[in-house]
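Structure first, commentary second.
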Amino acid sequence: MSSGVPASSTVPDPHAARREKLRKLVEMGVDPWGGRLDGIASISDVRAQLPQVKFHTEAGQQLNLPVELLSLEDVQQRQNEFRTWLSQQGKGEMVGPTVRVAGRIMLNRDKGKLRFLDVQDRTGSVQLFVGMNQVGEKNWELAALLDMGDIIAADGMFAVTKLGEPTIFVTALHFLTKMLEVPPEKHHGLNDPELRQRMRYLDLTYNEGVLPRFIARTKVVQSIRQTLHQQGFFEIEGPTLHTIAGGAAARPFVTHHNTLDLDLFLRIALELHLKRLLVGGMERVYELGRVYRNEGISPRHNPEFTMLEAYQAYGDYGTMMDLTESLILRAIEAIDGNYRRPWGDKLIDFTPPFARRTYDELFQEHTGVDPRDEAGVRALAGKIGFHTEGKHPDVIKSEVFEEKVEDALMGPVFVLDYPASICPLTKRKRENPQVAERFELFIQGMEVANAYTELNDPDLQEQLFRTQLAGLADDESMAKMDTDFIRALRHGMPPAGGLGVGIDRLVMLLTNTQTIRDIILFPVLRPEQEK
RNA sequence: GAGCGCGUAGCUCAGUCGGUAGAGCAACGGACUUUUAAUCCGUAGGUCCCGGGUUCGAGUCCCGGCGCGCUCACCA
């Protein structure tokens, strides 16, 4: 060609360049969208085969590699020392197992007649060595068309380079999928929080720690199911469309069923249907699923989130405390087993047993006011700036508690024995009906779990539903009449303990994640503007 | 819902007092058979979120809108 380069290769637009390479792949007879490929080993499994790599000397010796050198943290030092070691062994060659890996190309170092590719799968990444004289014409031609972000597989021998880098010396490449978009910056990854959420697939691939965090979430959920299964709980699937959005104090999402011409609510809690199942003889029953609350969005709130609720007949809130503790401890063991866990620049110590403190005791400790002194509590509330007129003393007390005590509870700490009138679904203490057998578990000021000795007296339940709490609007009250639920109670619900756990928050705390959006794969976002 | 902040190349980010757009990565061309955030030489790449306004002149100042983040409220 006399007049310079072909038109197709002068395109500076990275998207057009990728399209052009796609065209060339097709021209070569390569399917740019791949297909089934068997025999792929995970990269972590391949790396685990490092001890099988030997150096064969000319004298016929098979030497083990100096593993202690290869595992040096300091890369420069590792390279130097390995190079020295290798030179001391005289001539010879590296021999290792034959492997096949697949993954996305993360780095692509073109060194003329040599190419180094870093390929990443769900378990890690490994370097590929592609040499012009080693892979043959067809593979070399293919290698020239590879972009970062493409998905490929490679066959080759797993060994180490002269500088001690574990590497697959490629004998054959398999093209599997073209990436037509340009990947994020290779060193900084994807930083824009909006893009990270809108394009979680990029966040997962290109930002360190994101995939492991979601894998940790999966492990926590699996562990919880396993622990409950081991204790004889049945997992059920209750309705998500409710005619009465009960069981918690929150505004629901409303939807409409056309055929029934009926407004329905997305569930805000799992409670009332699980209790119906207690009536039905499912003595140990739980649901782990999504609930929806039409409330604000914040680093600790997403409109849909995951909740565990578990109910155990013949138990009480003490039973639930033990269950909560073991659910969390087993979950930690499923991740990495470290009871002392980082939280920002702090440390959370999950070493059992978790502290157990009463509501009143903590109230007194953090406010200096006797919680039984209604006038004193009211005065304190006024000083904070709360409106107190017409409100039930317990409501005022609980507002002060939330303001002054909760944020200070670094925990983990079980807060026991709540004022009865803010707990319409909870059994009262036999010896003191002013106090409800309820606990909440606080960690770093966040409420992670909430449990009751469940109220199973249908007449009292009906009365509590009817009693609107003073000073509270309808949608702020948990006291929503549900006559169908009351009828179920009249058929006999065994005495029971019940527990609710906010799974997202628990996972946040266990994975040192400060915002709930980083622990929910696809958090709610406004739709993107058309460009 | 309110207050504050941010929005510049595919990505990560600069952009001074209002004077006509910058870097790195990615891309394209070239050199290199042990690189590893490869390096070196060269080339190209912009609706400065959108719409108004002020001005001789706006990425920059003002108003409105959109999106995101933080704080607060509601909530777990």
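When reading the values below, keep in mind they use all heavy atoms of this one structure, side chains included, and skip hydrogens, waters and symmetry mates. Owing to the predicted nature of the structure, the values given are computational and were not obtained by experimental measurement. Convention: sequence-line order gives letters A, B, ...; per-chain numbering from 1.
Separating the CG atom in A/D518 from the CG atom in A/D203 is a distance of 7.0 Å, to the nearest 0.5 Å. Taken to the nearest 0.5 Å, the OG atom of A/S44 stands 10.5 Å off from the CD atom of A/Q49.
Among the atoms of the strands shown, only primed sugar atoms or phosphate atoms (P, OP1, OP2) are found under 4.0 Å from some heavy atom of A/R526. Nucleic acid contact for A/N302: base, since at least one base atom lies under 4.0 Å from a heavy atom of the residue. Within the nucleic acid shown, A/R300 comes within 4.0 Å of at least one base atom, counting heavy atoms only. As judged by a 4.0 angstrom heavy-atom cut-off over every strand, A/Y206 is placed among residues making no nucleic acid contact. The residue A/Q79 sits close to a base: some heavy atom pair falls under 4.0 Å. Nucleic acid contact for A/L202: none, since no nucleic acid atom lies under 4.0 Å from a heavy atom of the residue. Among the protein residues, A/L107 comes within range of the sugar-phosphate backbone only, with heavy atoms under 4.0 Å from sugar or phosphate atoms but none that close to a base. In this structure, A/G296 reaches the bases: a heavy-atom distance under 4.0 Å links it to at least one base atom across the strands shown. Heavy atoms of A/K162 sit under 4.0 angstrom from at least one base atom. Among the protein residues, A/H15 comes within range of the sugar-phosphate backbone only, with heavy atoms under 4.0 Å from sugar or phosphate atoms but none that close to a base.
Applying the 3.5 Å distance criterion, the base of B/U35 shares a donor-acceptor pair with the side chain of A/T161. No donor-acceptor contact under 3.5 Å links the side chain of A/E165 to the base of B/U34.
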Which donor-acceptor pairs under 3.5 Å do the side chains of residues 406-420 of chain A make with protein atoms, sequence neighbours left out?
{"from": "A/D417", "atom 1": "OD1", "to": "A/Y317", "atom 2": "OH", "distance (Å)": "2.5"}
{"from": "A/Y418", "atom 1": "OH", "to": "A/E440", "atom 2": "OE1", "distance (Å)": "3.3"}

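For A/K111, the side-chain atoms get nearest to B/C32 when compared with the rest of B/A76, B/A27, B/C32. Residue A/E185 places its side chain closer to B/C25 than to any other of B/U36, B/C25, B/C28.
Taking a 6.0 Å sphere around CZ of A/R19, one finds it holds 12 or fewer heavy atoms contributed by other residues, nucleotides or ligands.
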